[in-house]
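Structure, as structure tokens:
Residue numbering restarts at 1 for every chain, and letters A, B, ... go by the order of the sequence lines. As the structure is a prediction and not an experimental result, all values here were calculated from the model.
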Amino acid sequence: MLILSQKSIFTFLINNIYLYQYYKNMINKSVAELIESEGLLLQEIHIKGWVRTFRSNRFIALNDGSTINNIQCVIDFENTSEETLKRINTGAAVSIKGTLAASQGRGQSVEVQVSEIKVLGDSNPDEYPIQPKKHSFEFLRENAHLRVRTNTFSAVMRVRSKLSFAVHQYFQERNFNYVNTPIVTGSDAEGAGEMFRVTNFKDNEAPLAEDGTVDYSKDFFGKETNLTVSGQLEAETYAMALGKAYTFGPTFRAENSNTTRHLAEFWMIEPEVAFMDLDGNMDLAEDFIKNVLNSILESCKDDLAFLDQRLTQEEKSKPQAERSDMSLLEKLRFVVDNNFKRVSYTEAIDILRNSKPNKKKKFQFPINEWGADLQSEHERFLVEKHFKCPVILFDYPADIKAFYMRLNDDGKTVRAMDVLFPGIGEIVGGAQREERYDVLVEKMKAMNIDEKELWWYLDLRKFGTAVHSGFGLGFERLVQFTTGMSNIRDVIPFPRTPQNAEF
RNA sequence: UCCUUCUUAGCUCAGUUGGUUAGAGCAUCUGACUGUUAAUCAGAGGGUCCUAGGUUCGAGUCCUAGAGAGGGAGCCA
């Protein structure tokens, strides 16, 4: 009995030493690493991923999310059970052991000769919505939890991730401080848009004040609170101590806007720099955009190549007149390699007033007088027809811009700037901030902004005020431009728009 | 919020002046084939034509209302 068990323990140990050696030598790598590594040819490997397609009962296109590319896994179907073969369906999670080999087929250089396949998670083909075929983006939006399994969305989301990193890297390398400004905010004075109310009152149980309005002094925070529409004002307080600061966080707008460029919840990047004027601000915005795009051109080559092809295909279905004359990659390189055109509002109005569409009354809103806000048709004309490159407009009329923008000596324009991009319009909005206490107070009075609400903002002008500037950049619009996606709902994992908060 | 277009099979879409039993490709299932590249070939199943009214002998098609979605505009990032 004792001898037997000793013997079995011995064989057990021996077997497991072999197994251990086997697995120790087996190479565990991602699909991205395998495709790149010719040196691993003929080595034993172990990979896990999801089946994209299964052809001829023999070829699995396997994807693990590490790259847009699939790795082909070749099955010896004559020696694989019927039951296993039937479970290799699109979307199934599988674990594969085998040998990396040079491919006999044309579509790929390496492939895996499968020695063992296990289906880890089945995917019923009758019910799985993602098929190996073209789906409309509308359909995929309704399946936002699964759409990232498609080539287009996985590419977009990998680019989004890399862009996010590039944003931090840009600022961190230049010694900006990352500031986390509040998401629940007590000031509604900024006027950047409609806000979402934050309250802890239960339905129909909000206490009323004597005048019949809701008494928010009894609410959780003791005052009316909302979700932030911008971290700028708070970021300014940090710039005025740390010198260079930036925010990168979620912002919320309760506007009922249904467009391809607006979300109710989106991510905004807002740098704010002390002792920097508007020229410095324009330099920063341009350098920042070029820099992050450049790093994406380096780090996301495969994904961009795919997105470039995708866009070219999509453009083919459009009428000739609406097609872009540059591919996605050409557009990105163009932005990186060329200077943005800087034009004052006044110059822009002159160009527009004398433009062909204005004279032929093609504009829906004709340009007549100085002082009118530019409509998107005008911005598009300047960027896409006249200059044919990114444009920075600056020195806008004071009346159409926010209270905190610095008044110029002419008394009628402010040191504001917008960066306009082809296709998506305004990607950056910024300004040199009004640093003079008296001028700021007067502006707030004129624009009906409660000084008491923003006492802390005014304090910055009372104690050690200085010239400072900053801008806001909609992260999703940057992702849109970088990936060539036309709808902003397709560049954020779970879009929040009017009438839609699924997932 | 306004303008506009759309809603037909699981998906993408055809469907004639209003006229028999509403079609195709892909997907699924069955079979054949097996070095394929969104494999191929043969066959089968699959429909509340968005909803509710109305006109008509007869409505997927015309009218009214509603719902949902796309695109454009406004607001903006």
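A gap of 29 Å separates the C1' atoms of U48(B) and G71(B), to the nearest Å. Rounded to whole Å, the P atom of U61(B) lies 28 Å from the corresponding atom of U1(B). Taking atom C1' in both A14(B) and U51(B), one finds a spacing of 24 Å when rounded to whole Å. Taking atom P in both U4(B) and U12(B), the straight-line distance is 26 Å, to the nearest Å. G66(B) and C75(B) are spaced 28 Å apart, taking the P atom of each and rounding to whole Å. Comparing the P positions of C26(B) and A39(B) gives an interatomic distance of 11 Å, to the nearest angstrom. Of the P atoms belonging to U56(B) and C63(B), the separation is 16 Å, rounded to the nearest Å. For the C1' atoms, the distance linking U20(B) with G60(B) amounts to 15 Å, nearest Å.
Taking the six-membered ring wherever Trp is involved, the centroid distance between the rings of Tyr246(A) and Tyr178(A) falls below 6.0 Å. Taking the six-membered ring where the residue is Trp, the centroids of Phe266(A) and Phe475(A) are separated by 6.0 Å or more.
Checking U34(B), G70(B), C11(B) against every side-chain atom of Phe139(A), the shortest atom distance belongs to C11(B). Counting only heavy atoms from C-beta on, Thr260(A) has its side chain closest to G72(B) among U34(B), G72(B), U36(B). Closest contact between the side chain of Ser56(A) and the listed nucleotides A73(B), U34(B), U28(B) involves U34(B). Closest to the side chain of Gln108(A), out of G70(B), U36(B), G35(B), is U36(B). Comparing U37(B), G10(B), U34(B) by their nearest atom to the side chain of Phe77(A) picks out U34(B). Listed nucleotides: C75(B), A73(B), G70(B). Nearest to the side chain of Arg380(A): A73(B). For His135(A), the listed nucleotide lying nearest its side chain is C11(B); candidates were G35(B), C11(B), U28(B). The side chain of Asn256(A) lies closest to U1(B), out of G70(B), G35(B), U1(B). Taking every side-chain heavy atom of Glu255(A) into account, C75(B) is the closest of G10(B), C75(B), G35(B). For Thr259(A), the side-chain atoms get nearest to G74(B) when compared with the rest of U34(B), U36(B), G74(B).
Ion pair Asp395(A)/Arg406(A) not flagged as a salt bridge, since none of the NZ, NE, NH1 or NH2 atoms sits closer than 4.0 Å to an Asp/Glu carboxylate oxygen. One finds a salt bridge joining Glu476(A) and Arg160(A) here, because a Lys/Arg side-chain nitrogen approaches an Asp/Glu carboxylate oxygen to under 4.0 Å. The residues Asp64(A) and Lys48(A) are annotated as not salt-bridged, no charged nitrogen and carboxylate oxygen being separated by less than 4.0 angstrom.
Gln113(A) comes within 4.0 angstrom of a nucleotide base, judged by non-hydrogen atoms across all strands. Nucleic acid contact for Pro125(A): sugar-phosphate only, since backbone atoms but no base atoms lie under 4.0 Å from a heavy atom of the residue. Using a 4.0 Å heavy-atom distance criterion, Glu265(A) is classed as making no nucleic acid contact. Across all strands shown, Thr90(A) has no heavy atoms under 4.0 Å from either base or sugar-phosphate atoms. If you check every strand for non-hydrogen atoms under 4.0 Å, Ser257(A) touches a base. When heavy atoms are screened at a 4.0 angstrom cut-off, Ile427(A) is found touching the sugar-phosphate backbone but no base atom. Residue Gln104(A) is classed as a base contact, given a heavy-atom separation below 4.0 Å to a base. The residue Glu138(A) sits close only to the backbone: its heavy atoms come under 4.0 Å of sugar-phosphate atoms, none of a base.
Rounded to whole angstrom, the span from the CG atom of Leu146(A) across to the P atom of A27(B) amounts to 19 Å. We find that CG of Asn500(A) is positioned 11 Å from C1' of A69(B), with the value rounded to whole Å. Separating the NZ atom of Lys133(A) from the C1' atom of C13(B) is a distance of 9 Å, rounded to the nearest angstrom. Here the C1' atom of nucleotide A9(B) and the CD atom of Glu127(A) are 17 Å apart, to the nearest Å. The distance from atom CD of Glu142(A) to atom P of U12(B) is 8 Å, rounded to the nearest whole Å. Distance Ile60(A) CD1 to A38(B) C1': 16 Å, rounded to the nearest Å. To the nearest angstrom, P of C76(B) lies 18 Å from CD of Gln480(A). When rounded to the nearest whole Å, the span between NZ of Lys134(A) and P of C26(B) equals 16 Å.
Along RNA chain B, the nucleotide nearest Gln499(A) and the nucleotide nearest Phe266(A) are compared for position; the residue whose nucleotide lies closer to the 5' end is Gln499(A). When the nearest nucleotides of RNA chain B are assigned to Asn258(A) and Phe54(A) by heavy-atom distance, the more 5′-ward of the two goes with Asn258(A).
At distances below 3.5 Å, not a single donor-acceptor pair connects side-chain atoms of Asp302(A) with backbone N or O atoms of Leu304(A).
Remark: Arg489(A) is in phosphate contact with G70(B), judged by side-chain N or O atoms under 4.0 Å from OP1 or OP2. For U34(B), neither phosphate oxygen OP1 nor OP2 lies less than 4.0 angstrom from any side-chain nitrogen or oxygen of Arg55(A). Thr53(A) has no side-chain polar atom (N or O) that falls below the 4.0 Å cut-off from OP1 or OP2 of U37(B). Taking side-chain N and O atoms only, Asn151(A) has no distance below 4.0 Å to OP1 or OP2 of A38(B). Taking 4.0 angstrom as the limit, Asn57(A) places none of its side-chain polar atoms (N or O) nearer than this to OP1 or OP2 of U34(B). Side-chain N/O atoms of Gln375(A) include one lying less than 4.0 angstrom from OP1 or OP2 on C75(B). Contact between the side-chain N/O atoms of Arg141(A) and the OP1/OP2 oxygens of G70(B) is found at a separation under 4.0 Å.
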Output the pairing pattern of RNA chain B as a dot-bracket string, 5' first, Watson-Crick or G-U wobble with both distances under 3.5 Å, | for cross-strand pairs, [ ] for crossing pairs.
(((((((..((((.....[...)))).(((((.......))))).....(((((..]....))))))))))))....

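Trp267(A) and Thr251(A) share no side-chain donor-acceptor pair at under 3.5 Å. For the residue pair Gln113(A) / Glu111(A), a side-chain donor-acceptor distance below 3.5 Å is found, with atom types taken as modelled.
In terms of the salt bridge (charged side-chain N to carboxylate O under 4.0 Å, His left out) criterion, residue partners of Glu286(A) (sequence neighbours excluded) are, by chain and number, Lys290(A), Arg342(A).
Ring pair Phe481(A)/Phe421(A) is perpendicular by interplanar angle, where above 60° counts as perpendicular and below 30° as parallel.
Results of the side chain to side chain contact (heavy atoms under 4.5 Å, CB included) test with Ile349(A) over Asn368(A), Ile367(A), Val343(A) single out Ile367(A) as the only residue that passes.
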